[in-house]
Amino acid sequence: MHDDRDAPGVLPDGAPSAAPVEEPRPDDDRRLLLDVAYRLLGSVAEAEDAVQETYVRWFATPAAERARVITPTAWRVTVCSRVCLDVLRSARVRRERSAGERLPEPVPGAAWTSRAATAGAGDPADLLTADESLRTAFLVVLARTTPAERVALVLHDVFGYAFAEVADVLGRSPAACRQLASSARRRVGAEPARRAPVDPAVVDALRDAWCRRDVAAVVAVLDPSCVAVVDGGGVVSAPAAPVVGATAVAELLAGVAERAPGLALARVVANGEPALLAHDGGQVLAVVGVGVRDGRVADLWVVRDPARLRGWRVPA
């Protein structure tokens, strides 16, 4: 367990502050912290909890110690990242207790692409844009890295923090953090999921074929090796394993349409990219993220867990 007094931006014990530190408002840095926590955890609720815990720790710190914090933002990002790291380290236990696949929670629009923390840290070729790091494809692959790798990659490559700052979060040397980020980068780069941005026309073609209940037309839109992953959260029905192959995926979608005669599909923006929202009678049933390869749908990431769809509404 890290001591929050070890967070960066804190003056040594007994050292006077060079200038008065303004008492922060409760909402200071909340947007940045949510951006960091969501990318680390892939869950809006867990990200909000991590941010709340960060502020609880800040205001639980004696005023004299808070006065020694030169850069409250750096302190908060460090503490929030440590909270997320603890959550990630216990994630395997939670996954073993849950049923089926777990996908990143889809977020409406591009609201989480707000900003990065700093610029100019490290090799620009290693850095990711906020938009790129929000993509479902990226978050799916990121979830396969270790907790330490994920923290190192997100803080450095996405938010531009120097490895010396990442080291304060992970309790390792800057060189070790550099290796962690490099390992995570190799894992992400080795996966085919980091493809070109999704073409809305491809999403529309899938929507139209699915709405017509035309299995052959759906197959024509799909890559032959298409993979569909469905996250029901252990609450609603979902295949226990990924569905592989264009025909199998098309049959899966046809079965959904048969069980929900009132099914309607709308193209929306999820995680900054075109996606599909399935609804019936005003009730949101699923958000379907799409990965594209060579002009065809290669991946479908279907979130059906009602608890993870609370931020979504049926388009007017």
Side-chain angles (χ1 to χ4, degrees), residues 1-10 29-61 69 71-98 102-105 107 112 116-118 121-122 126-128 130 133-134 138-188:
M1 178 67 70
H2 293 279
D3 187 335
D4 293 338
R5 290 173 296 182
D6 294 334
V10 181
D29 298 324
R30 188 173 296 273
R31 176 76 262 168
L32 170 61
L33 297 179
L34 282 171
D35 281 347
V36 172
Y38 171 74
R39 285 165 173 80
L40 289 176
L41 301 175
S43 163
V44 174
E46 289 181 349
E48 290 174 341
D49 288 346
V51 173
Q52 181 65 25
E53 175 63 20
T54 299
Y55 280 102
V56 166
R57 295 188 187 187
W58 171 261
F59 288 111
T61 302
V69 178
T71 52
T73 295
W75 189 98
R76 291 177 189 140
V77 170
T78 296
V79 172
C80 184
S81 299
R82 289 172 179 171
V83 171
C84 292
L85 186 60
D86 288 340
V87 173
L88 290 171
R89 284 171 171 165
S90 64
R92 286 193 181 92
V93 175
R94 294 201 315 276
R95 283 199 298 270
E96 288 170 359
R97 295 174 179 172
S98 65
R102 180 175 173 84
L103 291 169
E105 179 175 348
V107 292
W112 295 71
T118 59
D126 292 338
L127 302 183
L128 293 163
S133 70
L134 186 71
F138 175 80
L139 294 174
V140 167
V141 178
L142 187 66
R144 298 172 190 157
T145 61
T146 69
E149 287 174 338
R150 196 179 317 181
V151 169
L153 183 71
V154 168
L155 289 184
H156 179 268
D157 287 25
V158 178
F159 290 93
Y161 281 96
F163 284 119
E165 297 170 292
V166 178
D168 287 321
V169 176
L170 294 176
R172 306 192 189 192
S173 70
C177 293
R178 185 183 298 276
Q179 287 297 321
L180 287 168
S182 178
S183 175
R185 211 175 290 127
R186 285 194 300 272
R187 291 193 189 203
V188 171

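In this chain, residues are counted from 1 in sequence order.
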Query raised in the report: Do Val169 and Val151 pass the side-chain contact (heavy atoms from CB on, under 4.5 Å) test, and can you show the C-alpha distance, the side-chain angles, and the key distance before you say yes or no?
Result: CA-CA 8 Å; Val169 176; Val151 169; 3.9 Å; yes
I want to check something: taking the side chain as every heavy atom from C-beta on, are [X] and [Y] in contact at a cut-off of under 4.5 Å?
X      : Y      : value
Val77  : Leu155 : yes
Pro174 : Val166 : no
Cys84  : Arg39  : no
Arg82  : Asp86  : no
Thr78  : Glu165 : no

**Report entry** Option from Leu139, Val83, Val87 for which side-chain contact (heavy atoms from CB on, under 4.5 Å) with Leu41 holds
**Finding:**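 Exactly one option meets the side-chain contact (heavy atoms from CB on, under 4.5 Å) with Leu41, and it is Val87.
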Report task. Using atom types as modelled and distance alone, determine if a side-chain donor or acceptor of Ser183 lies under 3.5 Å from a backbone N or O of Gln179. Result -> no
Query raised in the report: Is it true that a side-chain atom of Thr61 and a backbone atom of Arg57 form a donor plus acceptor pair closer than 3.5 Å?
Result: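 Yes, the answer is positive, given that a donor and an acceptor are paired below the 3.5 Å cut-off.
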Could you give the distance from [atom1] ([X]) to [atom2] ([Y]), rounded to the nearest 0.5 Å?
X      : Y      : atom1 : atom2 : result
Phe163 : Leu180 : CZ    : CG    : 9.0 Å
Cys80  : Leu40  : SG    : CG    : 7.5 Å
Arg185 : Asp157 : CZ    : CG    : 4.0 Å
Leu153 : Cys177 : CG    : SG    : 12.0 Å
Tyr161 : Ser81  : OH    : OG    : 8.0 Å
Ser133 : Leu142 : OG    : CG    : 9.0 Å

Query raised in the report: Are Ser182 and Arg178 close enough, and set up right, to give a side-chain contact (heavy atoms from CB on, under 4.5 Å), and what steps lead you there?
Result: CA-CA 6 Å; Ser182 178; Arg178 185 183 298 276; 5.7 Å; no
**Report entry** Val44 versus Glu105, closest heavy-atom pair with distance
**Finding:** N-OE1, 2.8 Å
**Report entry** Closest non-hydrogen atom pair, Leu85 against Ala148
**Finding:** CD1-N, 4.2 Å
Query raised in the report: Any idea how Trp75 and Trp58 line up, ring-wise: parallel (<30°), tilted (30 to 60°), or perpendicular (>60°)?
Result: perpendicular
Report task. List for me each residue that meets salt bridge (Lys or Arg N to Asp or Glu O under 4.0 Å) alongside Glu149, sequence neighbours excluded, and say none if there are none. Result ->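 By the salt bridge (Lys or Arg N to Asp or Glu O under 4.0 Å) rule, Glu149 matches Arg187.
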Query raised in the report: Between Gln52 and Val56, does a side-chain contact (heavy atoms from CB on, under 4.5 Å) hold up when you go through it step by step?
Result: CA-CA 6 Å; Gln52 181 65 25; Val56 166; 4.0 Å; yes
Requested in this report: State whether Arg31 and Asp35 are salt-bridged, where the test is any N-O pair (Lys NZ or Arg NE/NH1/NH2 against Asp/Glu carboxylate O) under 4.0 Å.
Outcome: yes
